[in-house]
Amino acid sequence: MIDIRLVRDDPERVKAALWRRGISSRDVDTLAILDREHRAALARREALRARVKVLSREVGQARKHGDADRAARLADESRRVGEEEKAAAQESDRLAAELQTLLLTTPNLPAREAPDGDGPEDNVELRRWWPGKDGGAPEPVPAEHQRVPHWESGLSLGILDMARGARLAGSMFPLYRAGGAQLVRALTSFALSRHADAYEEIRPPTLVLTDTMTSTGHLPKFADEAYHIERDDLWAIPTAEVPLTSMRRGEILDEADLPVRLTAVTQCFRREAGAAGRDTRGLLRVHEFEKVELFAYATPAQAPDVHMDILSRAEGLVRELGLPYRVLDLCTGDLGTSAARTFDLEVYAPGSDRWLEVSSVSWFGDYQARRANVRFRPAEGGPPVLVHTLNGSALAWPRIWAALVEWGRQPDGSVRLPDVLAPWLGPAPVIRSH
RNA sequence: GGAGGGAUGGCAGAGCGGACGAAUGCGCGGCUCUUGAAAAGCCGUGGGGCUCCGGUCCCCGUGGGUUCGAAUCCCACUCCCUCCGCCA
């Protein structure tokens, strides 16, 4: 959530910031009004409550002094004030709930540096990279044999079986086989080995409580996008960001321990309700996939550096895998609700002939930390301060898998995989039909 | 799934209807003593809302209830521990 005090003290700034995301200033006015009414109701309620406490104490005193009449009179009065307090409390609670509901669906303020724009078409391309670029090589032009989409070569090589996946779980649930399955496992091992120097490896639960989904901003607004297990009221996580953000929920961290850097590989589940019918072929968009995530809790001062560290680690992996990619600076209109600033990594896949998003690296400011109530105690003393949260995929495998299989395709139909995967796939790894 | 026990401040742990936001110990910070350190002694040490900055209210797992008054009594739920059953 955003800080309600900001709405109180500087509504114009909040309006201007949300305007950049296409949010009407009327919503900010509503927030301000609810906040004012709630505080007034709270003050009324507390004054009555204070009166009850004083009276109750006097009842005790009177009784101790054996003045039963006085005690009874005071108890009567206290009961009467208590009734009033109950009504005032109801009003105050009602306003608090209304305010909270609106606050939970209000998106984060975009960072000053985030480019303005209405949608994906306004994202800013920061840079492009391709193998050999630094040595002066031109941007690669795919050969004819690389123009085969991965769902075709994957099927004929016997490494990707979307039809049988659909038999088990419906469309868009991939089933990998043989070399295809091994490739996913190798990619995960490869990525985790690269992050082991600074990021603690976590294996979190992948079914979580409603509170856990709410902390990151995935609920209540995007309930339609998540799988929900009703009987036990648990949610299948759409990303490891969800359990990692809540891992320290409600805690006060020591500044000396920050930044806390975590990495996790998990299955990720997405209903993709809003994108029904789009990118349905092969691995372009799937309901279940494996992803290695980088995550950090940081002080506000550390956040920019950590953001860049996560981005450069994600880029580093794509480079090591030898895939051409570009980095986009997401415009205010395309930013996720909780994010203040996001960089997307897109890999070019020659068979599918498209740029595929394989990582999204975001800085959330204190928006998620406020929801999750994660703070740190400043080293120089003073009250606890909300941490900043950051995360990024490094990386999500289906689209990387697709790009590797398409770029790696050789004239004979086999797929040559990058040598960096040799420790897990054997020297000079190649996938052949079997 | 069944039976029993428990959840209190950074930690341990008392309190079981009236000045309890909470004893005590440990830890942590400051000071005294000391050439310095240790020891000893003294003082301090949770989070949050609102505020006319005087205060005031909330928080003893969570949510309800009883009462003039609840950390303390009642109900429900969650989690932890012990035992039994089941199980990868």
Side-chain angles (χ1 to χ4, degrees), chain A residues 1-9 31-104 203-215 229-235 243 246-258 260 267 297 366 369-387:
Chain A
M1 313 181 266
I2 61 168
D3 188 352
I4 187 64
R5 264 173 292 204
L6 208 54
V7 174
R8 200 136 76 207
D9 300 340
L31 276 174
I33 291 166
L34 277 173
D35 174 50
R36 208 171 311 128
E37 288 180 350
H38 169 244
R39 275 181 301 150
L42 190 65
R44 252 176 276 134
R45 185 250 161 109
E46 287 182 353
L48 291 166
R49 177 92 186 126
R51 180 80 185 128
V52 168
K53 288 180 79 166
V54 169
L55 286 167
S56 298
R57 208 170 295 156
E58 286 174 1
V59 171
Q61 294 296 324
R63 201 167 281 171
K64 200 181 284 175
H65 294 131
D67 192 343
D69 282 358
R70 184 174 148 75
R73 240 181 7 255
L74 287 166
D76 271 357
E77 163 139 31
S78 178
R79 195 178 301 119
R80 222 196 60 241
V81 178
E83 290 304 317
E84 275 183 70
E85 192 242 327
K86 216 175 207 173
Q90 253 170 32
E91 174 67 0
S92 160
D93 289 349
R94 204 204 85 228
L95 287 163
E98 209 173 318
L99 179 62
Q100 183 72 357
T101 303
L102 185 56
L103 218 43
L104 278 176
R203 277 277 173 168
T206 49
L207 295 181
V208 299
L209 303 171
T210 297
D211 277 352
T212 307
M213 287 283 279
T214 304
S215 292
I229 294 163
E230 258 177 63
R231 183 200 285 257
D232 300 292
D233 197 15
L234 290 169
W235 300 81
S246 282
M247 190 171 145
R248 309 297 292 269
R249 186 163 70 218
E251 294 188 29
I252 299 174
L253 314 178
D254 280 335
E255 179 168 0
D257 294 335
L258 296 173
V260 171
Q267 293 298 112
Y297 299 104
D366 60 16
R370 184 170 293 106
R371 288 169 164 244
N373 192 25
V374 182
R375 295 166 292 171
F376 71 97
R377 200 177 295 284
E380 69 274 19
V385 175
L386 290 167
V387 300

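Residue numbering restarts at 1 for every chain, and letters A, B, ... go by the order of the sequence lines.
Asn373(A) and Arg371(A) are not linked by any side-chain donor-acceptor pair at a separation below 3.5 angstrom, with hydrogens and angles left out of the test.
Base orientation of rG54(B): syn, since the glycosidic angle falls within 90° of 0.
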For Arg51(A) and Glu85(A), run salt bridge (charged side-chain N to carboxylate O under 4.0 Å, His left out): C-alpha distance rounded to whole Å, both residues' side-chain angles, the deciding distance at 0.1 Å, then the answer. CA-CA 9 Å; Arg51(A) 180 80 185 128; Glu85(A) 192 242 327; over 6 Å; no
Test log, rule side chain to side chain contact (heavy atoms under 4.5 Å, CB included), inputs Val208(A) and Met213(A): CA-CA 7 Å; Val208(A) 299; Met213(A) 287 283 279; 3.7 Å; yes
Please tabulate, one pair per line, each protein N/O and nucleotide N/O from nucleotides 51-53 of chain B that are separated by under 3.5 Å, including the distance.
from    : atom 1 : to       : atom 2 : distance (Å)
rU51(B) : OP1    : Arg39(A) : NH1    : 2.9

Are any protein N/O atoms closer than 3.5 Å to N/O atoms in nucleotides 18-20 of chain B? If there are, list each pair with its distance.
from    : atom 1 : to       : atom 2 : distance (Å)
rG18(B) : O6     : Arg63(A) : NH1    : 2.8
rG18(B) : N2     : Ser56(A) : O      : 2.5

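Contacts of Arg5(A) with the nucleic acid, taken as non-hydrogen atoms under 4.0 Å apart, involve only primed sugar atoms and P, OP1 or OP2. Backbone-only engagement by Arg377(A) is indicated by non-hydrogen atom pairs under 4.0 Å involving sugar-phosphate atoms exclusively. Counting any heavy atom pair closer than 4.0 Å across all strands shown, Ala43(A) reaches no nucleic acid atom.
For Ala50(A), the listed nucleotide lying nearest its side chain is rU56(B); candidates were rU56(B), rG49(B), rG47(B). For Ile252(A), the listed nucleotide lying nearest its side chain is rG47(B); candidates were rG47(B), rG49(B), rC68(B). With rG48(B), rG49(B), rC68(B) as the candidates, the nucleotide lying closest to the side chain of Arg375(A) is rG48(B). Looking at the side chain of Arg49(A), the nearest of the listed nucleotides rC58(B), rU66(B), rG47(B) is rC58(B).
Of the C1' atoms belonging to rC81(B) and rG27(B), the separation is 26 Å, rounded to the nearest Å. Rounded to the nearest Å, the gap between the C1' atom of rG9(B) and that of rC20(B) is 13 Å. For the C1' atoms, the distance from rU78(B) to rA39(B) is 47 Å, rounded to whole Å. Taking atom P on both nucleotides, rA71(B) is separated from rC77(B) by 23 Å, rounded to a whole Å.
Residue Ala47(A) is the one, among Gly82(A) and Ala47(A), whose nearest nucleotide of RNA chain B lies closer to the 5' end (criterion: closest heavy atom).
Between Ala71(A) and Arg63(A) the shortest heavy-atom distance is CB-N, 4.3 Å. Between Ala88(A) and Leu48(A), the closest heavy-atom pair is CB-CD1, 3.9 Å.
Searching all strands for a Watson-Crick or G-U wobble partner of rG18(B) with both distances below 3.5 Å returns rC68(B).
For the pair Lys53(A) and rC58(B), the criterion of a side-chain N or O lying under 4.0 Å from OP1 or OP2 is met.
Distance Arg249(A) CZ to rC79(B) P: 13 Å, rounded to the nearest Å.
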